[in-house]
Amino acid sequence: MPIYQRAKEAGIFSSSEVALLGRVFDKLKDERQSLERREALASRLLANYLAGIRDETELLSVSKLPLGR
């Protein structure tokens with residue numbers, strides 16, 4: 001799963017943060033999406049989280065939008 005791999009590679013997230021990111025990613029992903037689309041989604045999710053959005057509901061909401069909104 002791209003979000004888990006990216007978070008692990010970054011090495012800066014606690015297990016609870018990775019769990020949060022994983023939950024949000026699982027809600028956002030679509031099984032029909034290409035790998036490239038899922039990777040873009042994971043990148044957007046991480047960018048929003050690193051920008052300071054920590055609330056799960058808000059993170060889910062803003063990560064549905066393209067970056068640079």
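These numbers come from the heavy atoms of this one structure, side chains and all, not from hydrogens, waters or symmetry mates. Not measured: the values here are computed from a predicted model.
Rounded to the nearest 0.5 angstrom, Arg38 CZ and Leu35 CG are separated by 8.0 Å. Distance check: Tyr49 OH to Ser63 OG gives 12.0 Å after rounding to the nearest 0.5 Å. Rounding to the nearest 0.5 Å gives a distance of 13.0 Å between NZ of Lys64 and CG of Asn48. With rounding to the nearest 0.5 Å, the separation of CG in Leu20 from OG in Ser15 is 11.5 Å.
At least one side-chain heavy atom of Phe13 sits less than 4.5 Å from a side-chain heavy atom of Leu46. Contact annotation: the side chain of Asp30 approaches that of Gln33 to within less than 4.5 Å [non-hydrogen atoms, C-beta and beyond].
Between Leu45 and Leu21, the shortest heavy-atom distance links the atoms CD2-O, 3.4 Å.
No side-chain donor-acceptor contact under 3.5 Å links Glu58 to the backbone of Asp55.
Ion pairing between Lys29 and Glu31 holds under the 4.0 Å rule for side-chain N and carboxylate O.
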Notebook entry, point to check: Under the salt bridge (Lys or Arg N to Asp or Glu O under 4.0 Å) criterion, do Arg44 and Glu39 qualify, and how do the steps go?
Noted result: CA-CA 9 Å; Arg44 184 178 334 135; Glu39 287 178 352; over 6 Å; no
